[in-house]
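Because the structure is predicted, anything quoted here is derived from the model rather than measured.
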There are 2 protein chains.
Amino acid sequence: MTAHELAMSLRLAYLALHRRTDAVMAQAGITADQFVVLAALSEGMTLTQSELGERIGSDRNTVRAMLVLLERRGFVERTPQPLDRRARRVALTKEGRSTFRTLWRKSDTLRQELVTSLAPEQTATLVQLLRSLTASLSPADTPATSSP
Amino acid sequence: MTAHELAMSLRLAYLALHRRTDAVMAQAGITADQFVVLAALSEGMTLTQSELGERIGSDRNTVRAMLVLLERRGFVERTPQPLDRRARRVALTKEGRSTFRTLWRKSDTLRQELVTSLAPEQTATLVQLLRSLTASLSPADTPATSSP
DNA sequence: TATTGTTATACTCTATAACTATA
DNA sequence: TATAGTTATAGAGTATAACAATA
């Protein structure tokens, strides 16, 4: 099994999931990526835009573009962070929370489908392997690694 | 381990790989997705645009857009398929093959990095799990499945 | 009738670079 | 000096819909 086959299977799995997610989220006029933002914000605490970007794997410019769209729709709000006035805390609005709950419910079948062919330990294994993959690919690795 | 955590780890792994691939391919002025097209075409036989789309997980309009860009660069050529004159066979040009070989070589380190933290059986397991994931998400599953 | 590919069009995500303001 | 976010800009990938040619 080659690294290239791994790359391709990763691509095909991600794109399939992304399309199916898009199809569900389109009901509310948002995209799969925007749903990822809502989901990240729904997990309790508020985040700065940078922190949000780190969580969802998008850079600050991309994050801003998505937030502007979501703000326009009334799903998120950004308030100045008192402690560090360069930063802005991002949070779901009441409407954002409500919309997210609805979309979460409507995507329930999809999440079930996703793990339907996997035993519980297989899901755990898969997540673990994917995370170690992501760690291997962190940009800081690239330069000739020499640590004493 | 929840389905949502699986979805997120899949997203983060794919995006990390995509970015790293983009960085390598930028040397030749192409994108990670265009490299995927070249790789698919390099595997020997020529494909129709539809077949190509199926392999790389993109729809026919997207495929066309990418092929137009690659054709403009002189990396691929499309010739009428005699047997079915609606279709067009896509193939790498000489320059396309040469460029692909160079890029393949330059992305060697990246592929090594990708599997560096994985034992060989783990890579095989991962590919197998990802494929079964993709299969679970095939769009035909969605409607209330009732087959006699 | 169904399929392959094209045309026209639009939108989101993505990224770079230069900038402001805060730290 | 470095960081958080913005502005301006551009490009790629994506998708939908209507269409032509062919099967």
Quiz item: Of all of residues 70-87 of chain A, which get a heavy atom below 4.0 angstrom from DNA chain C, listed by number?
Solution: Leu83(A), Asp84(A), Arg85(A), Arg86(A)
Quiz item: For Glu54(A), what residues pass the side-chain contact (heavy atoms from CB on, under 4.5 Å) criterion, not counting sequence neighbours?
Solution: none
Exercise. Would you classify Arg19(A) as touching base, sugar-phosphate or nothing, given that sugar-phosphate means primed atoms plus P, OP1 and OP2, and contacts are heavy atoms under 4.0 Å?
Key: sugar-phosphate
Quiz item: Does Phe100(B) have any ring pair (Phe, Tyr, Trp, His ring centres under 6.0 Å) partners at least two apart in sequence or in another chain, and if so, which?
Solution: Phe35(B), Trp104(B)
Exercise. With DNA chain D as reference, determine whether Val90(A) or Asp22(A) sits nearer its 5' end, using the nearest nucleotide of each.
Key: Val90(A)
Quiz item: Would you say the side chains of Ser136(A) and Ser117(B) form a donor-acceptor pair under 3.5 Å?
Solution: yes
Quiz prompt | Of residues 55-62 of chain B, the positions that come close to DNA chain D - non-hydrogen atoms, cut-off under 4.0 Å | solution = Ser58(B), Asp59(B), Arg60(B), Asn61(B), Thr62(B)
Quiz prompt | Minimum heavy-atom distance between Thr46(B) and Glu51(B), given as atom pair plus value | solution = O-OE1, 4.5 Å
Exercise. Provide, to the nearest angstrom, the distance between the CZ atom belonging to Arg64(A) and the C1' atom belonging to dT12(C).
Key: 15 Å
Quiz prompt | Arg73(B) bridged to Glu95(B) by N-O distance under 4.0 Å | solution = no
Quiz prompt | Interatomic distance where CD belongs to Glu51(B) and C1' belongs to dT4(C) [whole Å] | solution = 11 Å
Practice problem: Can you measure from CZ (Arg101(B)) to NZ (Lys106(B)) and round to the nearest 0.5 angstrom? | Solution: 14.5 Å
Quiz item: Between atom CD in Gln34(A) and atom C1' in dC13(C), what is the gap in whole Å?
Solution: 10 Å
Self-check item: Along DNA chain D, first and last positions that approach a heavy atom of chain A under 4.0 Å
Solution: dA2(D) to dA15(D)
Self-check item: Ion pair Arg105(B)/Asp108(B), N-O distance below 4.0 Å
Solution: no
Exercise. Report, as yes or no, whether the 6.0 Å neighbourhood of atom CZ on Arg111(B) holds more than 12 heavy atoms from other residues, nucleotides or ligands.
Key: yes
Review item, side-chain donor-acceptor pairs of residues 8-16 of chain A, under 3.5 Å, at least two apart:
{"residue": "Ser9(A)", "atom": "OG", "partner": "Glu5(A)", "partner atom": "O", "Å": "3.2"}
{"residue": "Ser9(A)", "atom": "OG", "partner": "Leu6(A)", "partner atom": "O", "Å": "2.9"}
{"residue": "Arg11(A)", "atom": "NE", "partner": "Ile56(B)", "partner atom": "O", "Å": "2.8"}
{"residue": "Arg11(A)", "atom": "NH1", "partner": "Asp33(B)", "partner atom": "OD1", "Å": "2.8"}
{"residue": "Arg11(A)", "atom": "NH2", "partner": "Ile56(B)", "partner atom": "O", "Å": "3.0"}
{"residue": "Arg11(A)", "atom": "NH2", "partner": "Ser58(B)", "partner atom": "OG", "Å": "3.3"}

Quiz item: For Arg55(A), does the CZ atom have more than 12 heavy-atom neighbours from other residues, nucleotides or ligands under 6.0 Å away?
Solution: no
